[in-house]
Amino acid sequence: MKSFEALFFALSALLTVGGAVATIGSRRPIRSAMGLLVTILGICGCYLLLGAELLATVQLIVYAGAVVVLFIFVVMLLGPAAVSGTDKASAIPRYVGATVFGVGALGAGVLMRQLASERLTSTKLVKLPDGFGGIEAVGRELFTTYVIPFELTGALLLVAVVGAMAVARGKQADPTRPNAPVNPHLADPHLADSDPSDAQSAINVKAPTGEPSSAATAANAAKPPTGEPSSAATAAKPPTGEPISAASAANAANAAKPGDGH
Amino acid sequence: MNDLSAIGMLVPALIAAAIAAMLPRKAHPKHRLALATSTAALIVAIGWLWPAPLPARDAALPPEWPHLLNLLIGLPIASGLALLLVPTSLARLVRGATYAVFAVCFIASLALLSVPMTAGWHFQFIAPWIEAAGIRWHVAVDGISVWLVILTTFTTPIAAYASFGSIRTRQKELAAAFLILQGTMIGAFVALDLFVFYVFWELMLVPMFLMIGIWGGAEKIKASVKFFLFTMTGSVLMLAAMVYLVWTYHALTGQWSFDYLALSRVVLPDQQAPVAMTAQFLCWFAFSLAFFIKVPMWPFHTWLPDAHVQAPTGGSVILAAVMLKLGTYAYLRFSMGLFPYRSALLAGNLGAFAIMGGILYGALCAWKQDDVKRLVAYSSVAHLGFVMLGLFGATPSGIEGSILQMINHGIATGALFLLVGVLYDRRHTREVSEFGGLAKVMPVYATLFVIVTLASIGVPGTNGFVGEFMIIVGTFVSRRLNQFGPLEAIAAAFGVILSAVYMLGVVQKIFFGPLTNPKNKGLKDITVRESVALAPLVVVIFVLGLFPNLVLNRITPAVSAFAAQYVKSFTDSPEHPTAARLLPKSFFSEAFMTGAPDHNAKATSESPTLAARAPAAGVLPAGLSARADDPALAAAAAVRAARPQDPARPARPQDLIRPQDLAQPVRLQDPARPSDPARPSDPARPSDPARPSDAARGNDGAHR
Amino acid sequence: MTQLPLHYFLALAALLFATGAVGFLIRRNLLVMLMSIELMLNGVNLTLVAFNRIRPANHAGHIFTFFIIAIAAAEAAVGLALVLAFFRLRGSVRADEATLLKH
Amino acid sequence: MTDSVFVALAPILVVAFGGLGLMLTEVLSRRPAREGNHESGPSSDLALGTFVTMATGAVVALSLWLVGPENLAGAKAALPFLVVDRFTLFFEGLLCLGAALTALMAGGYLPEHKLDRGEFYPLLTFSTVGAMVLAASGDLLSLFIGLETMSLGVYAMVGFRRGSLRSTEGAIKYFLLGSFAAALLLYGGALLYGVTGKTDLAGIAVALKTTAGADLGLVLVAMVLILAGLAFKISAVPFHMWTPDAYEGAPTPATSFMAVAVKSAAFALVLRVLIGVFGDAESMSWATGWPPVLALLAALTMTVANLIAGRQESVKRMLAYSSIAHAGYILVGVVAMIEPGNDAQASVLFYLLAYTVTTAGAFAALVLCGSRGKEAVSYEDLAGLAKRHPALALAFTLFLFSLAGAPPTAGFFGKLYIVRAGLGAGLNTLTVLLLLNSVIAAYYYLRVMVFMYMREPAPGAVVAVPMRSGYVTSALVLSAVLVLLLGLWPATSLHVALDAAMANR
């Protein structure tokens with residue numbers, strides 16, 4: 001029995017560590033995601049060894065079934081752009097930091113035996129009660145003792161949904177043309193919310209292929225009618241992504257209001 | 001001398017009026033009349049102010065209106081803020097309102113002189129403010145500050161009046177800045193609560209910063225930021241020292257107080273070494289650094305020339321006439337008042353600083369300046385060196401001379417800045433080399449300039465002479481300056497000569513000799529507006545020069561009391577205070593302690609000296625924290641050690657702390673709230689019957 | 001269940017956590033960085049479950065893990081949304097492309 | 001009535017249900033087609049609605065305070081996950097205040113910058129719920145749920161301007177480092193659970209006191225991890241890298257929310273953990289516990305942040321660094337808690353209150369300076385503000401003085417209180433360092449004033465066209481009044497802070 005357990009643990013640990021190394025080591029994110037999946041399987045094995053059957057299931061369903069799939073979905077969506085090239089030279093300090101951290105944490109892992117007293121590491125004397133880690137025991141505790149955190153999780157999930165929606169809603173990127181990101185101004189008048197100062201720095205943003213006139217109309221539609229000539233405000237939102245100097249735009253707005261200022 | 005009959009008052013008034021009326025060469029009769037009337041009124045006012053003999057002790061004192069100081073502080077600040085709301089187009093209204101407020105303040109400040117200035121506090125007003133922190137609104141004047149308040153109310157209107165003549169932009173803001181500046185400066189002069197003092201000390205930077213930065217010269221921004229940061233550096237350290245002092249007071253009495261009178265009772269530990277990292281040295285240093293920067297003393301003076309040169313004329317006048325005085329005043333009041341032992345110990349060394357860095361270095365720097373305004377700024381450094389020397393010497397005559405000299409310097413240097421401003425308005429340059437022979441085209445101006453220069457040098461008959469003379473005499477006889485007193489007096493006298501050299505040198509270059517520069521040919525002589533601004537100052541120069549007793553009479557009682565107490569505080573007590581202790585109220589004169597919060601030493605003590613010495617004698621409970629070997633913290637540590645540091649250490653029976661001391665600030669303890677067993681905040685109560693009666697013999701013997 | 005000493009699991013968890021942290025620090029691919037965080041959280045989970053093994057009186061560790069899984073899923077959703085938004089503007093998922101904001 | 005758990009948790013519930021109501025309002029309300037009309041955007045009713053929700057939350061917290069949390073029998077039912085004591089109520093009120101000011105700011109900012117989408121307000125509300133849970137939590141579990149709820153909302157708020165690279169970049173950085181920090185905290189928490197077998201803070205503290213000796217190594221590792229995670233959350237140097245980027249990239253109301261509410265909640269977390277878990281004498285002592293680490297962090301944070309802030313060319317970024325520096329000042333107060341009986345914790349709470357109103361006001365002023373889709377970010381943008389909008393310049397000046405700690409403002413009293421606590425705990429060097437740092441800080445605050453008062457605006461600068469918004473103006477006025485009130489008559493709030501601090505010790 002013991003040897004079987006040891007073997008099972010060794011297998012799980014191998015899966016876990018191997019998957020983790022693959023996750024952080026591979027150049028293609030799709031392989032990383034697969035590595036993550038392997039890690040999760042390994043951890044499932046550990047959970048089973050530790051008597052956490054429910055958690056093993058949840059881990060499989062939520063992590064493997066939802067989170068990893070979500071990752072894979074995004075990787076597929078991004079296509080080749082998801083592959084990162086080699087890291088740049090500025091990485092040296094990061095490597096130093098990572099090494100220090102890694103060595104420290106690894107040391108902590110190895111020293112876990114030394115750090116933790118016998119009280120914490122010996123499982124010999126602990127008899128697990130029947131049904132420990134099963135759905136009934138955990139579920140009962142979850143809905144009695146832990147009902148308040150459970151309710152609070154509702155707020156968490158709600159905020160995650162709203163947040164994800166607020167950030168990512170809009171036209172999807174065209175996965176076939178990774179270097180020609182969609183300009184939101186053109187695609188969706190609701191998205192005319194970039195700040196013009198970005199335009200100068202965002203070199204990668206190419207001029208959109210759409211018709212300029214329609215873009216102007218879109219921006220016009222979103223413009224507040226405050227009694228000024230519309231051209232002034234429109235100019236502040238260059239629909240073509242061209243770096244129109246903000247000063248000139250504001251200048252125009254200023255000129256439109258002779259009573260103000262000076 | 002003390003008693004002038006009505007006719008005796010009128011004669012000089014009429015003479016002065018006649019002179020004033022004739023001074024301007026080509027002026028409208030209306031202007032002449034106005035000039036004459038105001039001069040006559042001034043003279044009459046001076047006569048009215050002539051000090052009456054002190055009344056007998058039992059004679060009923062005239063009533064003091066308690067809100068007078070609140071009015072002097074509050075009215076300008078409130079009206080300054082209110083002016084900001086007035087539309088900019090109403091510039092005339094703004095100016096009129098400003099003058100009106102200044103007039104009210106000046107007249108109200110004259111009421112300060114209506115009572116005999118006996119030693120002690122006058123027009124004292126105390127109101128609770130933030131009781132949890134022991135902060136009270138405590139303002140009062142005594143003979144030391146009363147003249148400085150009047151100097152403020154006297155010079156600020158003049159500066160504002162002159163500024164409105166030359167500055168045409170954003171007058172509303174300018175008026176507000178002047179008003180707020182005046183209110184905050186008065187507040188700093190009369191505050192007797194350290195917190196209140198600090199608030200005003202910081203607040204007054206703001207209008208000055210804006211004044212230099214908005215209406216200043218080419219380098220205005222650099223100068224204004226430098227001014228602000230220099231002053232603030234000093235004042236934050238002062239804040240730390242203040243809080244330390246308050247903590248020590250709290251440790252000794254169990255009460256919070258920021259009150260100057262209360263904190264005067266605290267004696268911080270010190271050693272007899274010029275530089276020792278003791279609490280008293282550090283606190284004294286933190287306080288004094290703030291004041292030295294403000295004065296400014298060498299080597300912290302570098303902000304001053306920049307600020308003066310860049311500031312508009314009105315700003316320079318206020319800066320020189322009043323704001324620098326805050327440094328000297330505050331050194332006298334706070335550094336010397338709170339840390340007498342330390343300031344006496346270092347007086348000799350500091351005297352050398354005042355001589356070398358202030359009087360001589362300032363004079364030499366002034367000598368080689370080409371810019372007249374910069375020259376006057378350095379002369380300020382030199383003159384304030386005199387003032388500081390008088391304070392370091394700490395003889396009654398030296399301190400009196402210093403206070404007089406503060407006023408004199410305010411008047412003379414203020415007038416000099418106004419005169420330089422006149423020149424600058426005409427030619428937009430202040431380079432000495434640009435001028436020459438101006439006496440031919442601007443005779444009245446030249447006359448005034450020479451008069452003010454003489455006053456600044458200290459020629460007998462002008463106000464500068466009396467102050468400098470008293471300071472030099474005081475320095476000569478001072479025992480605080482060790483054996484160097486006579487030497488320093490001689491050096492100071494040499495400084496007077498130097499000042500004559502550079503001042504007269506510049507007068508000679510500007511006004512005499514041939515009129516070489518063609519641009520100066522058509523210069524207009526002084527205008528009515530300028531003469532109206534200058535006339536009061538010139539009059540006061542002569543009045544104070546001829547009748548210094550007018551001022552001194554009101555200063556003397558306060559200064560003698562101060563000097564006596566100063567000396568007493570380091571002669572009547574042990575030379576090396578090794579632990580913080582609290583002097584009894586009776587140590588101070590009753591007049592001084594009027595209004596002090598009624599806190600008693602924690603270990604109810606018949607003889608606080610004994611109680612305080614006990615820790616030094618090794619009776620401190622064992623097991624003090626490591627900090628106990630630092631005498632700076634010994635007292636606080638004694639209290640702290642007695643407090644339960646952690647639950648592991650059982651409360652010792654000799655704990656001296658009563659539970660109400662532990663509930664730190666004054667707050668209502670909720671009886672319903674159970675005290676955490678892990679962190680006992682209530683150690684063995686003294687009322688505990690199980691407590692051994694002799695166990696209280698921790699370090700305070702039979703007290704309690 | 002198991003008679004294996006607990007520190008096997010603890011060491012494995014620490015190793016997993018450290019791997020995740022290292023990955024987070026050295027990789028510049030935003031997706032991989034996100035996955036590294038998932039690794040770290042899994043390390044935490046394993047620690048909690050392992051410790052719950054010697055304290056079978058309640059399921060505190062299990063339930064904590066339960067919640068962490070939920071939190072991780074929510075975090076992944078928001079994180080991926082941000083990555084998508086970033087990609088849409090930049091056309092890349094490299095963290096060192098994020099250079100617009102510098103001192 | 002008072003034995004219901006719903007009463008005890010009323011402030012959180014009010015805000016949460018208010019948030020739900022807001023979402024429903026947004027969905028159900030029929031708006032005319034988006035004409036770009038300010039009056040018809042979601043902000044027109046949601047901003048006020050959020051403000052009212054938050055104000056109600058604050059009022060409920062206040063009334064519970066007056067009732068006295070010890071009289072609420074129902075509060076026990078929420079233990080140990082949510083603790084209802086005066087500490088909690090103080091933070092609930094404070095967070096509601098910060099969020100209310102943010103909502104007002106957003107009401108003007110979002111339409112002006114064409115960001116007027118309804119999600120902002122639910123995000124704001126639920127982030128606040130998370131922050132309130134965080135402040136109230138007495139258990140590691142609810143603590144992490146609160147932390148994540150707050151953080152996820154804030155990440156989304158930072159990235160709210162999704163068409164802007166800056167905004168998204170800031171959000172990504174913030175997200176990555178925030179999640180990393182959360183993982184560190186979680187691992188520390190897991191180790192603590194391992195050592196003690198408890199997840200509630202009080203239980204952990206008791207268990208640590210009794211049995212921890214054998215597992216000191218693990219406890220130390222846990223403490224280090226937790227301290228690192230906390231340092232990330234309060235953005236202490238050297239864990240501050242995300243702060244300036246996130247602050248600069250975020251829409252200004254979100255920046256303000258991060259600077260006030262998130263920071264306050266993070267400090268609530270610090271106080272809860274440090275006192276609740278590591279509050280024993282050994283952990284709190286200078287020789288063997290966290291104080292020296294935090295003291296070092298405080299010194300580094302203040303000095304480095306101030307030095308960098310002085311070199312910034314963007315006001316928003318300067319305010320970001322200055323907020324890091326303020327975290328350093330607050331840490332001094334936290335370290336001063338080593339002295340029992342010292343009201344150091346109260347000073348931290350009071351400082352947070354003062355800092356909240358001041359910073360919210362400063363950001364509101366910055367919002368008002370921008371216009372027409374362009375934020376006023378650089379110093380140049382503020383040139384000549386005093387001439388064009390004197391009242392705005394005056395208010396901005398007030399906030400800057402409060403930030404600099406000049407009297408008679410809230411910031412001054414907060415600083416004085418921290419200084420008092422620091423000196424009382426014998427931290428003389430650290431306190432003097434704090435004060436000297438405030439001089440450095442004064443330099444860059446003065447710089448703003450220099451530009452506002454002493455420079456002429458460039459032709460066509462942003463300030464030339466004023467932004468008009470009743471919402472932002474009322475936020476400005478509200479915070480200005482509070483800044484002056486707290487500066488001139490701080491007595492009541494001092495008592496409140498003291499009472500709150502008494503509850504958490």
Side-chain angles (χ1 to χ4, degrees), chain B residues 84-85 88 129-133 170 173 195 198-203 205-206 209-210 213-214 216 220-221 224-225 228-229 232-233 236-237 239-240 243-244 246-247 250 282 286 625 627 633 636-637 640 643-649 662-665 667-670 672-673 676 678-679 681, chain D residues 68 70-71 205-206 209 279-282 284-285 339-343 346 386-387 390-391 394 397 401 404-408 412-413 415-417 419-420 422-424 426 428 431-432 434-436 438-440 442-443 446-447 449-450 453-455 488-491 494-495 498-499 502-503 505:
Chain B
L84 287 178
L85 304 176
T88 316
W129 185 6
I130 306 166
E131 289 178 66
R170 298 164 88 173
E173 286 87 349
F195 183 84
Y198 185 82
V199 167
F200 283 122
W201 178 267
E202 287 278 292
L203 263 187
L205 295 182
V206 181
F209 166 74
L210 292 177
I214 296 179
K220 57 187 184 181
I221 289 171
S224 59
V225 172
F228 198 101
L229 291 184
M232 191 170 170
T233 311
V236 292
L237 292 178
L239 181 68
V243 176
Y244 185 88
V246 170
W247 258 108
H250 177 77
L282 290 173
S625 69
R627 285 194 291 267
L633 289 157
R640 212 180 279 138
R643 224 180 273 160
Q645 285 262 3
D646 51 53
R649 185 192 302 162
L662 283 159
Q664 280 275 339
R667 58 178 300 277
L668 294 173
Q669 185 95 33
D670 189 351
R673 192 174 302 149
D676 188 345
R679 204 177 274 249
S681 61
Chain D
E70 60 278 352
N71 298 328
V206 171
K209 215 168 287 169
D280 54 308
E282 208 161 284
M284 257 191 165
S285 79
E339 186 68 37
N342 190 338
D343 35 348
K387 253 187 193 168
L394 196 65
T397 309
F401 273 113
F412 169 63
F413 215 86
K415 202 159 279 173
L416 179 75
Y417 209 27
V419 164
R420 202 178 82 172
L423 286 179
N428 296 351
T431 313
V432 169
L434 187 163
L435 287 167
L436 289 179
S438 66
V439 177
I440 306 179
Y443 165 72
L446 277 186
R447 227 177 128 209
M449 287 184 59
V450 162
Y453 283 91
M454 301 165 194
R455 290 278 171 88
L488 287 173
W489 293 279
L494 282 180
H495 275 297
L498 269 170
D499 282 341
M502 290 301 276
R505 52 170 55 211

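All values reported here derive from a predicted model rather than from experimental measurement. All chains are named by letter (A, B, ...) in the order of the sequence lines, taking the proteins before the strands, and each is independently numbered beginning at 1.
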Closest approach of D:N428 to B:Y244 (non-hydrogen atoms, all atoms of both residues): ND2-CE1, 4.4 Å
Top contributor to chain D contacts, counting heavy-atom pairs under 4.5 Å, from B:L237, B:L239, B:V225, B:V243: B:V243
For chain B, the option from D:L416, D:L494, D:I440, D:T431 that forms the most heavy-atom pairs under 4.5 Å: D:L416
B:F209 ring center within less than 6.0 Å of D:Y453 ring center: no
Minimum heavy-atom distance D:P407-B:L203, with the two atoms named: O-CD2, 3.5 Å
Segment of D:R447 engaging chain B (4.5 angstrom heavy-atom cut-off): neither
4.5 Å side-chain heavy-atom contact, D:Y443 and B:F228: no
D:S438 portion near chain B, given a 4.5 angstrom heavy-atom threshold: both
Option in B:R170, B:M232, B:E202 with maximal non-hydrogen atom pairs under 4.5 Å from chain D: B:R170
Flag side-chain contact, heavy atom, 4.5 Å: D:V432 against B:V236: no
Closest-packed option against chain D by number of heavy-atom pairs under 4.5 Å, given B:L210, B:L84, B:L205: B:L210
Exam field: side chain B:W247 to backbone D:R420, donor-acceptor pair closer than 3.5 Å: yes
Closest-packed option against chain D by number of heavy-atom pairs under 4.5 Å, given B:L282, B:V206, B:L85, B:V246: B:V206
CE-CD1 distance between D:M449 and B:I221, expressed to the nearest 0.5 angstrom: 11.5 Å
Nearest-0.5 Å distance, CD1 of residue B:I130 to CG of residue D:L488: 8.0 Å
Heavy-atom donor-acceptor pair, B:W129 side chain to D:A491 backbone, under 3.5 Å: no
Side chain, backbone, both or neither of B:A133 within contact of chain D (heavy atoms, under 4.5 Å): both
